[in-house]
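Labels below follow one simple rule: chain letters A, B, ... track the order of the sequence lines, proteins then strands, and each chain is numbered from 1.
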Amino acid sequence: MADPWNGLATEAFFKQPTPDLVRHLLGMICVRDSPGGRTAGRIVEVEMYQGPWDKAAHSYGGRVTERTRVMYGPPGFAYVYFVYGMHYCLNVVSGAPGHPEAILIRALEPVDGIEMMMQRRHIDATHGQRSLCQLTNGPGKLTQALGITREDNGLAFFDSPLKLYHDQDPLPSAQIATGPRINVGYAEEAANFPWRYWVKGHSCLSAKGSPQKTKT
DNA sequence: ATAATGATTGGC
DNA sequence: CCAATCATTATT
């Protein structure tokens with residue numbers, strides 16, 4: 001038997017309940033292979049969206065549209081949508097078929113294909129941790145850096161150019177923080193659900209996702 | 001057919 | 001703080 005915490009995620013891995021999967025995605029490696037090469041990053045910030053009763057979700061109320069159709073299918077596939085007329089966002093579909101749940105990937109720590117990411121993001125080569133993080137520390141930034149577009153909608157994370165890998169054991173709870181999701185103020189009571197999860201203290205968290213630093 | 005708006009980012 | 005920019009969605 002393969003070690004479930006080492007290597008390409010299996011189709012079965014995605015069948016766990018969304019509240020479990022969202023924590024297990026933290027620390028995993030998201031990979032996008034393209035003819036030009038591989039780009040990849042470690043997942044450090046995510047948000048879950050749960051089906052018909054989550055007013056922040058595109059699938060709120062059980063709406064089935066062309067855009068949200070993939071959310072109603074089996075878990076482990078990509079839900080990619082276009083927002084604000086200029087950005088793509090990448091989600092991992094979760095939940096059993098008929099349960100329109102998904103997990104938005106909000107920030108990555110760059111791991112592979114740095115040069116290609118810099119070209120795609122139109123960022124000049126500079127060095128240091130801070131400049132690396134700006135490649136992928138936001139949901140729109142990471143799709144641009146990995147070259148993810150609407151063409152990726154519906155791809156299987158366990159069998160396609162878009163992949164999720166384990167290279168370490170799941171993060172312990174002590175290293176995971178939670179809080180309200182970003183930019184869902186329209187969602188009334190759901191706006192306050194603590195359904196954003198991030199790696200505590202990580203330097204590549206999204207700008208709005210980074211807890212404000214307090215002075216001592 | 002038309003109007004409103006967004007699971008964001010970057011610039012001022 | 002606010003403009004950019006257009007697909008998606010709901011409404012007429």
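The distance between the ring centers of A/F158 and A/F77 falls below 6.0 angstrom.
For the residue pair A/Q144 / A/R120, no side-chain donor-acceptor distance below 3.5 Å is found, with atom types taken as modelled. Between the side chains of A/T18 and A/E101, a donor-acceptor pair is found at a separation under 3.5 Å.
One atom, CD of A/E47, and another, C1' of B/dG6, lie 14 Å apart when rounded to the nearest Å. A straight line from CZ of A/F193 to C1' of B/dA7 spans 15 Å, rounded to a whole angstrom. When the P atom of C/dC2 is taken as reference, atom NZ of A/K208 falls 13 Å away, rounded to whole Å. One can place CD of A/Q144 at 15 Å from P of B/dT8, the figure rounded to the nearest angstrom. Rounded to whole Å, the distance from OH on A/Y88 to C1' on C/dC6 is 10 Å. For A/Q134 and B/dT8, the CD to P distance is 19 Å, given to the nearest whole Å. Distance A/Y60 OH to B/dG6 C1': 17 Å, rounded to the nearest Å. In this entry the distance linking NZ of A/K55 with C1' of B/dG6 reads 18 Å, nearest Å.
For A/T68, the listed nucleotide lying nearest its side chain is C/dT9; candidates were C/dA7, C/dT9, B/dG6. Comparing B/dT9, C/dA10, B/dA7 by their closest approach to the side chain of A/R63 singles out C/dA10. For A/K141, whose side chain is taken as the heavy atoms from C-beta onward, the closest listed nucleotide among C/dA7, B/dG10, C/dT5 is B/dG10. Of all nucleotides listed (B/dT9, C/dT9, B/dA7), C/dT9 comes nearest to the side chain of A/T65. Minimum atom distance to the side chain of A/R150 is reached by C/dT8, of the listed C/dT8, C/dT5, B/dG6.
Using a 4.0 Å heavy-atom criterion, one finds that A/G85 contacts the bases of the nucleic acid, with or without backbone contacts as well. At a threshold of 4.0 angstrom between heavy atoms, the contacts of A/R67 are confined to the sugar-phosphate backbone, with no base atom among them.
Between A/H58 and the phosphate of B/dA7, there is a side-chain N or O to OP1/OP2 separation shorter than 4.0 Å. Here A/N183 does not reach the OP1 or OP2 of B/dA7: none of its side-chain N or O atoms lies under 4.0 Å away. Phosphate proximity of B/dA7 to A/Y186: present, with a side-chain N or O under 4.0 Å from OP1 or OP2.
The number of heavy atoms from other shown groups lying within 6.0 Å of CD (A/E189) is above 12.
The base of C/dA4 is not paired with the side chain of A/Y84 by any donor and acceptor separated by under 3.5 Å.
Heavy-atom distances to DNA chain B give each of A/R121 and A/A102 a nearest nucleotide, and the one nearer the 5′ end belongs to A/A102.
Pairing for B/dA7 is absent, judged as Watson-Crick or G-U wobble with the two contacts each under 3.5 Å.
Residues A/V93 and A/G73 come closest through the heavy atom pair CG1-O, 4.1 Å.
Aromatic stacking is not marked for A/Y81 over B/dA7, as the cut-offs of 5.5 Å for the centres and 30° for the planes do not both hold.
Here, C/dC2 and B/dT5 have their C1' atoms 16 Å apart, quoted to the whole Å.
The ring-ring contact (aromatic ring centres under 6.0 Å, His included) with A/Y88 is formed by just one residue from the set A/Y81, A/F82, A/Y79; it is A/F82.
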